[in-house]
Visitor: 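Provided herewith is a single structure, encoded as structure tokens, for subsequent inquiry.
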Amino acid sequence: MVNTTTTAGLIGVVLLARHGDRTGYYQDPTTYNSTQSYITPLGEQQEFELGSFLRNTYLNPNSPSFIQNISTDVVNIDQLTVRADAGGGNVILNSAYALLQGLYPSTKKSEMTLANGTTVLPPLGGYQYVPVESLEFWQSPSLTSWMECEYFQDHLIRLYASSAFINMSTTAAPFLTALKPYLGSVSNNFTNMIYDHVNVQYTYNKTYYETLPPTFLQQARYYSDWLQRNVFTDSVQNGIGQISIRTLLPEVFWALGNMTKASNQVKLNIQEIDYKPFISLFNVTNATVTDPRLLVPFIVNYASAVALELSQNSQGQHEVSMKFKNGTQDSQFRQLKMFGNTSITLDSFINQLFWTTVNSTNNWCFSCNQTVHRGCSVFNFSNDPFLHGYGTGFTR
């Protein structure tokens, strides 16, 4: 269903934002556990620019995408929910803070008068302190659900043994051999996300920048895009390859549903995340079917954002529309289609995806065949016939 007629502008927005540029890190290709990394000044600027763009898009009363009744200059913290993955070196958490600096910049309007008549302006010219919920690895698998997920690791094993992977690995072999002198101690095995190392060095190492052969950066990106697309998608909507978005969707549904209630105050829900859920989201909503540009590049750029905009049509139905901005490469959002439509009712959006979700730690433990780590040891799965696949006839 396509319906772009709204009665009162946007009711609210759920935003998925990727972190900014960071220092190099390593992902174990057998588990996708990663080492620490830290945001760079470039990454901070990218996130600040994203926040400024979002401010102009959603907080500007003259914008067609203005969120009705949202505070435009001085933040009302009751109208804003922000959550960020706090793992590693806090690159994602710090990205959220940088984004918020652009969304609600310092302003003298944030000053307040005390009972004795003294006027107080916050530091840094009226800096606005917005609360961010930092989600640690051990607290919940919601934002990092592929980690310690045994069935996801099985998915990787199957991928690496597939004919598609073997064929692409063979195709990439001459390039990977030529690239080896530029990888230092990093393995040139096709399972490695080699683009990350090449990109970091190309950005910050002047000698590397001047000596890396032409097209090597682009080729590294191409092969990494192919690999990540296959790692974080699956042939069915509820496949384990898409676990990264399946644990995030319940938060999205909850936020959008709450925005329809008269008692709700939250206008903007921001989830600061890694690149992985974007890949899965585009796949489960069939966005890649109608917009092939999402396939190349498949790893969204730093400071990319997906906006799920909630509005109400002339018939009183709540509708959801999905838009995407690929980092600083894009100057504006572009409209995406979900299930072939530019907008669908909120009920339809939820109904088509709710059955794929993993909405609790207990369900995640079951879905990932995990009984020890990430809080799973508190649950009793001893009588569950499907644990370890016994009830299905499949075992690891």
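Keep in mind that this is a model prediction, so the values were computed, not measured.
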Visitor: Determine whether Arg83 and Ser142 satisfy the following criterion, side chain to side chain donor-acceptor pair (under 3.5 Å), listing intermediate values before the conclusion.
Guide: CA-CA 11 Å; Arg83 189 172 70 151; Ser142 178; 3.1 Å; yes
Visitor: Evaluate the side-chain proximity of Met322 to Leu281: yes if any heavy-atom separation is below 4.5 Å, no if none is.
Guide: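 They are in side-chain contact.
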Visitor: Below 30° counts as parallel, above 60° as perpendicular, anything between as tilted: where do the rings of His19 and Tyr302 land?
Guide: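 Tilted, since the angle between the ring planes falls between 30° and 60°.
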Visitor: Side chains of Leu16 and Leu248, heavy atoms from C-beta outward: is any pair under 4.5 Å?
Guide: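 When only atoms from C-beta onward are counted, Leu248 and Leu16 do touch, with a gap below 4.5 Å.
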Visitor: Compare all side-chain heavy atoms of His155 with those of Ile243 and state whether any distance is below 4.5 angstrom.
Guide: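 The answer is no, as the side chains (C-beta and beyond) never meet within the 4.5 Å cut-off.
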Visitor: Check whether any side-chain N or O of Ser169 sits under 3.5 Å from a backbone N or O of Ile166 as a donor-acceptor pair, and report yes or no.
Guide: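 Pair absent, no side-chain N/O of Ser169 close to backbone of Ile166.
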Visitor: Report the relative orientation of the aromatic rings in Phe333 and Phe53; use parallel for angles under 30°, tilted for 30 to 60°, perpendicular for over 60°.
Guide: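 Plane angle over 60°, so perpendicular.
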Visitor: Taking the six-membered ring where the residue is Trp, are the ring centres of Phe175 and Phe216 under 6.0 Å apart?
Guide: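 So the answer is yes for these two rings.
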Visitor: Is there side-chain contact between Arg18 and Asn301, with heavy atoms separated by less than 4.5 Å?
Guide: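 They are not in contact (no side-chain heavy atoms under 4.5 Å apart), so the answer is no.
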Visitor: Contact between Leu99 and Leu54 at the side-chain level, heavy atoms closer than 4.5 Å - yes or no?
Guide: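 Touching, per the 4.5 Å side-chain cut-off.
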Visitor: Do Val320 and Ile350 have side chains that approach each other closer than 4.5 Å (heavy atoms only, starting at C-beta)?
Guide: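 No; the side chains remain at least 4.5 Å from each other.
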Visitor: Taking only residues at least two apart or on different chains, which pairs with a member in residues 169-214 satisfy disulfide bond (SG atoms under 2.5 Å apart)?
Guide: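 Listed by first then second residue: nothing to list.
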Visitor: When Asn359 is tested against each of Asn362, Asn363, Thr361 for side chain to side chain donor-acceptor pair (under 3.5 Å), which residue passes?
Guide: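 Result for side chain to side chain donor-acceptor pair (under 3.5 Å) with Asn359: Asn363.
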Visitor: Does a side-chain heavy-atom distance below 4.5 Å link Pro277 with Gln271?
Guide: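 Result no, sub-4.5 Å side-chain heavy-atom pair not found.
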Visitor: Answer whether the closest heavy-atom distance between the side chains of Asp291 and Phe324 falls below 4.5 Å.
Guide: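 When only atoms from C-beta onward are counted, Phe324 and Asp291 do not touch, as no gap falls below 4.5 Å.
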Visitor: Picking from Asn199, Ile299, Asp196, what satisfies side chain to side chain contact (heavy atoms under 4.5 Å, CB included) with Arg221?
Guide: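 Exactly one option meets the side chain to side chain contact (heavy atoms under 4.5 Å, CB included) with Arg221, and it is Ile299.
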Visitor: Does Tyr209 have more than 12 heavy atoms from other residues, nucleotides or ligands lying within 6.0 Å of its OH?
Guide: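 No, the 6.0 Å shell around OH holds no more than 12 heavy atoms from other groups.
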Visitor: Evaluate the ring planes of Phe190 and Tyr223, with Trp represented by its six-membered ring, and classify them as parallel (under 30°), tilted (30 to 60°) or perpendicular (over 60°).
Guide: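 Plane angle over 60°, so perpendicular.
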Visitor: Hey, are Asp78 and Lys267 close enough for a salt bridge, meaning a charged N less than 4.0 Å from a carboxylate O?
Guide: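 Looking at Lys267 together with Asp78, the answer is no, because their closest N to O distance does not fall below 4.0 Å.
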Visitor: When Ile, Leu, Val, Met, Phe, Trp and Tyr are grouped by side-chain heavy atoms lying under 4.5 Å apart, directly or through other members, which residues fall in the same group as Val120?
Guide: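 Other cluster members: Leu114.
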Visitor: Does Asn116 use its side chain to pair, donor to acceptor, with the backbone of Thr118 at less than 3.5 Å?
Guide: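 Yes, because the side chain of Asn116 sits within donor-acceptor range (under 3.5 Å) of the backbone of Thr118.
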Visitor: Share the residues that join Phe48 in a hydrophobic cluster, the rule being Ile, Leu, Val, Met, Phe, Trp or Tyr side chains under 4.5 Å apart at the heavy-atom level.
Guide: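 Members besides Phe48: none; it forms no cluster.
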Visitor: Quick one: pull up CD in Gln242 and OG in Ser235 and give me the separation to the nearest 0.5 Å.
Guide: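 Here the interatomic distance stands at 8.5 Å.
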Visitor: List the atom pairs, with distances to 0.1 Å, where a side-chain N or O of residues 87-97 and a protein N or O form a donor-acceptor pair under 3.5 Å, not counting sequence neighbours.
Guide:
unit_1 : atom_1 : unit_2 : atom_2 : d
Asn94  : ND2    : Asn90  : O      : 3.3
Ser95  : OG     : Gly20  : N      : 3.1
Ser95  : OG     : Val91  : O      : 2.7

Visitor: So which heavy atom on Tyr104 is nearest to which on Ser71, and how close?
Guide: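 Here Tyr104 and Ser71 meet closest at OH-O, 2.5 Å.
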Visitor: Any disulfide bond (SG atoms under 2.5 Å apart) pairs touching residues 113-186, not counting sequence neighbours?
Guide: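 For residues 113-186: Cys149-Cys368.
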Visitor: Under the side-chain hydrogen bond (donor to acceptor under 3.5 Å, both in side chains) rule, collect the residues that match up with Asp21, sequence neighbours excluded.
Guide: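 Scan of Asp21 (side-chain hydrogen bond (donor to acceptor under 3.5 Å, both in side chains), adjacent residues dropped) gives Thr40, Tyr204.
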Visitor: Would you call the rings of Tyr32 and Phe232 parallel, tilted or perpendicular, where under 30° means parallel and over 60° means perpendicular?
Guide: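 Aromatic pair Tyr32/Phe232 classed perpendicular.
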Visitor: So how far is it from His318 NE2 to Ser348 OG, rounded to the nearest 0.5 Å?
Guide: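 Taking NE2 in His318 and OG in Ser348, the distance rounds to 15.0 Å.
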Visitor: Give me the ring orientation class for Phe165 and Tyr160: parallel if the planes are under 30° apart, tilted from 30 to 60°, perpendicular past 60°.
Guide: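 It falls in the tilted class, 30° to 60°.
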